[in-house]
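A quick write-up on the structure given underneath.
Chain identifiers are assigned alphabetically (A, B, ...) following the order of the sequence lines, protein sequences preceding nucleic acid strands; residue numbering begins at 1 within each chain.
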There are 2 protein chains.
Amino acid sequence: MTGSGIKAGSQHQQGVTRLESQDLRNAGLKVTAPRLKMLELLEKAEGRHLTAEAIYRLLLDAGEEIGLATVYRALTQFEAAGLVTRHHFEGGQAVFELERGPHHDHIVCIHCGRVEEFFDEVIEKRQRSIAEKLGFELRDHTLTLYGECNTPSCKNKSTKS
Amino acid sequence: MTGSGIKAGSQHQQGVTRLESQDLRNAGLKVTAPRLKMLELLEKAEGRHLTAEAIYRLLLDAGEEIGLATVYRALTQFEAAGLVTRHHFEGGQAVFELERGPHHDHIVCIHCGRVEEFFDEVIEKRQRSIAEKLGFELRDHTLTLYGECNTPSCKNKSTKS
DNA sequence: TATAAGATGAGAACTATTCTCAATAAAAGA
DNA sequence: TCTTTTATTGAGAATAGTTCTCATCTTATA
């Protein structure tokens with residue numbers, strides 16, 4: 001959607017793959033082709049949020065032989081290992097993104113689905129004090145803003161409703 | 001938030017029912033037994049978050065004759081009418097709560113599932129300016145904190161994992 | 001290499017939710 | 001009040017997203 005030209009080519013081979021292999025080993029997972037392919041794909045997606053189905057299709061389209069079950073399984077494992085984050089935006093399907101850098105929240109366009117990320121220390125701090133005040137030990141949070149974005153390619157598109 | 005002992009008795013009859021009837025009419029919905037029963041139940045739940053399934057079971061247990069499809073349908077209509085809010089906390093099932101007062105966010109215990117509500121103007125304000133800065137017209141948001149609560153009845157319970 | 005532990009793909013199974021449809025009940029009109 | 005119109009209902013089928021099962025195949029290890 002954004003357009004930082006990412007193609008399904010095969011630029012990075014060994015170097016990246018090695019890093020990814022290490023990620024897998026660190027997570028106690030065997031280094032297998034499906035997993036590496038998935039990590040590569042997520043890497044190339046550069047922060048875009050993909051559904052399991054999308055990952056599956058992209059890999060199939062790229063000529064990989066992979067099963068949907070494997071995609072789901074791997075994503076769950078990656079999540080447990082802290083390699084990816086799973087989000088439940090509106091609309092049933094979970095989306096996944098590679099965990100790069102620390103934490104951030106999201107704003108999603110209700111028309112075109114575009115997702116931007118942000119981080120705000122004021123909000124973070126506030127959350128901590130709210131949790132404390134209410135007698136909770138904060139472990140996690142999800143903050144998602146929904147709005148209408150201003151990209152020219154957006155407004156035209158129909159809403160889900 | 002408060003925790004005043006709510007029992008599944010049948011205290012309020014006519015008075016409340018009339019208010020609820022009006023809510024339905026205002027929403028352009030016919031006043032029917034299933035809908036009234038659902039609103040009554042949500043009313044009695046005083047802010048607790050119920051799944052569609054839970055509402056269905058509670059009504060069955062209370063001797064009402066109702067179908068699960070009706071519950072889902074009505075909840076969707078109530079939501080469209082602004083009578084209830086739907087939340088997607090972790091775990092697949094959506095939960096519903098009667099819309100009372102203005103807006104608030106939630107903190108959920110990852111052990112016992114207890115939900116508390118809060119409102120924080122600083123966070124709200126911050127969200128608005130973030131949206132603006134990123135070129136979005138803010139329409140909605142969800143903020144849910146996850147933590148471990150301090151109620152004695154909680155820590156013992158097992159985590160979902 | 002041979003072996004054991006893990007991972008895989010395909011499809012069945014499952015869960016949450018929505019849809020279909022004939023029967024029914026509520027609002028509106030006479 | 002009786003009738004007509006139209007929305008609503010319950011039951012079960014259907015769907016979407018995800019997880020499970022299992023026989024087969026790979027990876028890491030001896």
Side-chain angles (χ1 to χ4, degrees), chain A residues 17-18 20-39 49-81 83-84 86-96 160-161, chain B residues 17-18 20-39 49-81 83-84 86-96 160-161:
Chain A
T17 300
R18 254 187 221 117
E20 286 156 353
S21 300
Q22 203 46 57
D23 282 341
L24 290 173
R25 286 197 201 88
N26 292 343
L29 297 171
K30 283 186 175 169
V31 178
T32 68
R35 286 174 183 159
L36 286 175
K37 296 295 179 190
M38 287 182 60
L39 288 178
H49 298 73
L50 302 174
T51 63
E53 188 79 28
I55 293 169
Y56 172 60
R57 296 218 170 287
L58 286 170
L59 288 175
L60 283 190
D61 292 355
E64 301 302 331
E65 191 169 289
I66 194 168
L68 183 53
T70 302
V71 172
Y72 273 106
R73 257 183 312 230
L75 284 171
T76 301
Q77 293 164 327
F78 292 173
E79 187 190 19
L83 292 174
V84 308
R86 181 194 307 248
H87 300 289
H88 294 279
F89 298 150
E90 298 300 309
Q93 256 166 125
V95 294
F96 299 83
K160 266 180 196 157
S161 58
Chain B
T17 300
R18 254 186 222 119
E20 288 157 350
S21 300
Q22 204 45 57
D23 283 341
L24 290 173
R25 286 198 200 87
N26 292 342
L29 297 171
K30 282 185 176 171
V31 178
T32 67
R35 287 174 182 159
L36 287 175
K37 296 296 178 190
M38 285 181 61
L39 288 178
H49 299 73
L50 302 175
T51 62
E53 187 79 27
I55 293 169
Y56 172 60
R57 296 218 171 288
L58 285 170
L59 288 175
L60 282 190
D61 292 355
E64 302 301 331
E65 191 169 289
I66 195 169
L68 183 54
T70 303
V71 172
Y72 273 106
R73 256 183 314 231
L75 284 170
T76 301
Q77 293 163 325
F78 293 172
E79 187 190 20
L83 292 174
V84 309
R86 182 195 305 249
H87 300 289
H88 294 279
F89 297 151
E90 298 299 308
Q93 256 165 126
V95 294
F96 300 83
K160 267 180 196 158
S161 57

Between [N] atom [atom2] and [X] atom [atom1], what is the distance in whole Å?
X: B:E53; N: C:dA16; atom1: CD; atom2: P; answer: 7 Å
X: A:F89; N: D:dG17; atom1: CZ; atom2: P; answer: 16 Å
X: A:Q77; N: C:dA7; atom1: CD; atom2: C1'; answer: 8 Å
X: B:I55; N: C:dA16; atom1: CD1; atom2: P; answer: 14 Å
X: B:H88; N: D:dG17; atom1: NE2; atom2: P; answer: 13 Å
X: A:L24; N: C:dG6; atom1: CG; atom2: P; answer: 16 Å
X: B:K37; N: D:dG10; atom1: NZ; atom2: P; answer: 13 Å
X: A:L50; N: D:dG17; atom1: CG; atom2: C1'; answer: 16 Å

Between A:M38, A:E53, A:K37, which is the residue that forms a side-chain contact (heavy atoms from CB on, under 4.5 Å) with A:V71? A:M38

Is [X] near enough to [N] that one of its side-chain N or O atoms lies under 4.0 angstrom from OP1 or OP2?
X: A:R35; N: C:dT8; answer: yes
X: A:T32; N: C:dT8; answer: yes
X: A:T70; N: C:dT8; answer: no
X: A:Y72; N: D:dT19; answer: no

Indicate, with a heavy-atom threshold strictly under 4.0 Å, whether A:A52 touches base, sugar-phosphate, or nothing. nothing

Base, sugar-phosphate alone, or nothing: which one does B:E65 contact when heavy atoms must sit under 4.0 Å apart? sugar-phosphate

Toward the 5' end of DNA chain C, which comes first, B:A33 or B:A94, by nearest nucleotide? B:A94

Could you pick out which residue, A:L68 or B:G92, lies toward the 5' side of DNA chain C when each is mapped onto its nearest nucleotide? A:L68

Is the shortest heavy-atom distance from the side chain of B:L36 to the side chain of B:L24 under 4.5 Å? yes

Out of C:dC19, D:dG17, C:dT8, minimum distance to the side chain of A:P34 belongs to C:dT8

Of the listed nucleotides (C:dG9, D:dG12, C:dA27), which one gets closest to any side-chain atom of B:A69? D:dG12

Kindly say whether A:K30 contributes a backbone atom to a donor-acceptor pair with the side chain of A:R35 at under 3.5 angstrom? yes

Checking only heavy atoms, does the side chain of A:R73 share a donor-acceptor pair with the base of C:dG9 at less than 3.5 Å? yes

Classify the side chain of B:K30 and the base of C:dA25 as holding, or not holding, a donor-acceptor pair under 3.5 Å. no

side-chain contact (heavy atoms from CB on, under 4.5 Å) between A:T76 and A:R86: does it pass, once the steps are laid out? CA-CA 9 Å; A:T76 301; A:R86 181 194 307 248; 3.3 Å; yes

Quick one: do the A:T70 and A:R73 side chains pair a donor with an acceptor below 3.5 Å? yes

